[in-house]
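First the structure, in the form of structure tokens, and then the observations on it.
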Amino acid sequence: MSDVIGLVLPFFGLIFVGFLVARITRQPLEALGWMNTFIVYVALPALFFQLLARTPFEDLTEWRFIFGSVVSTFMIFSLMFMGSVLTSRGEIAQSTIKALAAAYGNIGYMGPGLALLAFGEEAAVPVALIFCFENIMHFAIAPMMMALSGDEKTTPLRLALGVVRKIVLHPFIIATALGVGAAYIGFRPPVPVERLLEYLSRAAAPCALFAMGVTLALRPLNRVPHEMVPIAALKLILHPLLCYVVLSWIGHFSETWVFSAVLLAALPTATNVFVIAQQYGVWVQRASASVLITTCLSVVTVTGLLYLIRHNILAPDLFP
């Protein structure tokens, strides 16, 4: 158990440090703007590009793996959405945010750092693929469902163009595409550029986790939504379990790929869910509570999952 504690303590410790510093200094949330810009537009894209560019191209086209991970996430989204629609008598907008809270994990800020720490650089490819295709799904679902609810006042063409723009221009997805292209043609950047990318890559995880802790500290928990129990259960327990079963059923991937996908599925609700809720003015405070509560609970659930993996209690394939 000590090896698992040693693995997750620095990781969650960075989140706690950010939380503590934010509580002490009392800086406004807007003061975090440039650090978030550095993380999203510079550090994490550099990490994705560098790791993908070094990967054999054939490893980047594993469509069965992409299908399995994305389908398991969509099933969790659908389950929460349908349950919420039935209990709320057809409320689509709120049900969409609740479903995103149950399915959209913090795979951007937490995913790369924890997966690479737990499984090494081999985890970079599955992490990048999952991030890219799951975000495409979420970027498409959110505006589409809001349009169906009547809260999105725009034409279908403008809606479609907005979705495409969010997908194509997202810095993580651009970096992933460039990394795949570099792997395909065998391109390696000049040594000075590669050193710069290395420096930026090393900053990605610490800065992202610190910023996440600051964000959690500056969004106070005013009210615990009664939907928190199913959201937390779906996000932290059922989602990784379903991902594990689906990938095992589809067929024999490497141990690192399966466990990386399961670990990403086990991560808490993404801060982007709060951003989306704020954008549409729907379920805003409760979305913030979902991020905070699932993040706190994930200290236990993610540690437990890594214990099962590191001590070979969880087999890499459910159907050997």
Side-chain angles (χ1 to χ4, degrees), residues 36-37 39-49 51-52 60-63 65-78 80-81 96-116 123-147 159-181 204-205 208 211-212 215 235 239-240 243 257 260-280 287 290-291 294:
N36 281 329
T37 299
I39 295 164
V40 173
Y41 286 90
V42 182
L44 283 172
L47 175 65
F48 281 131
F49 173 82
L51 294 174
L52 290 173
L60 303 175
T61 55
E62 184 51 86
W63 293 108
F65 176 83
I66 295 168
F67 175 80
S69 60
V70 172
V71 162
S72 64
T73 300
F74 183 73
M75 290 171 68
I76 295 296
F77 176 91
S78 301
M80 186 66 203
F81 179 81
T96 299
I97 303 300
K98 294 175 190 176
L100 287 172
Y104 194 175
N106 207 325
I107 54 178
Y109 275 19
M110 296 179 70
L114 186 54
L116 291 173
V125 177
V127 168
L129 292 175
I130 290 171
F131 177 87
C132 188
F133 285 92
E134 285 201 5
N135 271 289
I136 289 173
M137 179 180 70
H138 294 309
F139 291 163
I141 283 178
M144 181 183 69
M145 298 307 294
M146 291 302 174
L159 178 65
L161 289 175
V163 170
V164 172
R165 185 167 57 250
K166 286 181 181 179
I167 293 170
V168 172
L169 297 181
H170 194 288
F172 293 177
I173 294 176
I174 292 173
T176 299
L178 291 174
V180 171
M212 185 179 172
T215 303
K235 185 72 217 68
H239 191 184
C243 182
W257 281 51
S260 294
V262 173
L263 178 61
L264 262 63
L267 293 179
T269 302
T271 52
N272 274 350
V273 174
F274 171 78
V275 174
I276 294 170
Q278 201 170 40
Q279 176 185 352
Y280 293 103
S290 299
V291 175
T294 56

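When the side chain to side chain donor-acceptor pair (under 3.5 Å) test is applied to Y104, the partners found at least two apart in sequence or on another chain are N135, N272.
Using a 4.5 Å cut-off on side-chain heavy atoms (C-beta onward), L44 and F131 make no contact. Counting heavy atoms from C-beta outward, L114 and Y109 have side chains that stay 4.5 Å or more apart. V168 places none of its side-chain heavy atoms less than 4.5 Å from the side chain of I173. Residues S290 and F274 fail the side-chain proximity criterion, which asks for heavy atoms closer than 4.5 Å. Looking at M110 and P268, their side chains come closer than 4.5 Å, going by heavy atoms from C-beta outward. Here the side chains of T271 and N106 are in contact, with some heavy-atom distance below 4.5 Å.
Between the CZ atom of F77 and the OG1 atom of T73 there is a distance of 11.5 Å, given to the nearest 0.5 Å. Interatomic distance, L129 CG to L60 CG, rounded to the nearest 0.5 Å: 6.5 Å. Interatomic distance, F48 CZ to L178 CG, rounded to the nearest 0.5 Å: 13.0 Å.
With a 6.0 Å radius and a threshold of 12 heavy atoms from other residues, nucleotides or ligands, M137 has its CE atom above the threshold.
Residue F133 is tested with W63, F67, F74, F139 for a ring-ring contact (aromatic ring centres under 6.0 Å, His included); the sole match is W63.
Of all heavy-atom pairs between A101 and T269, the closest is O-OG1, 2.6 Å.
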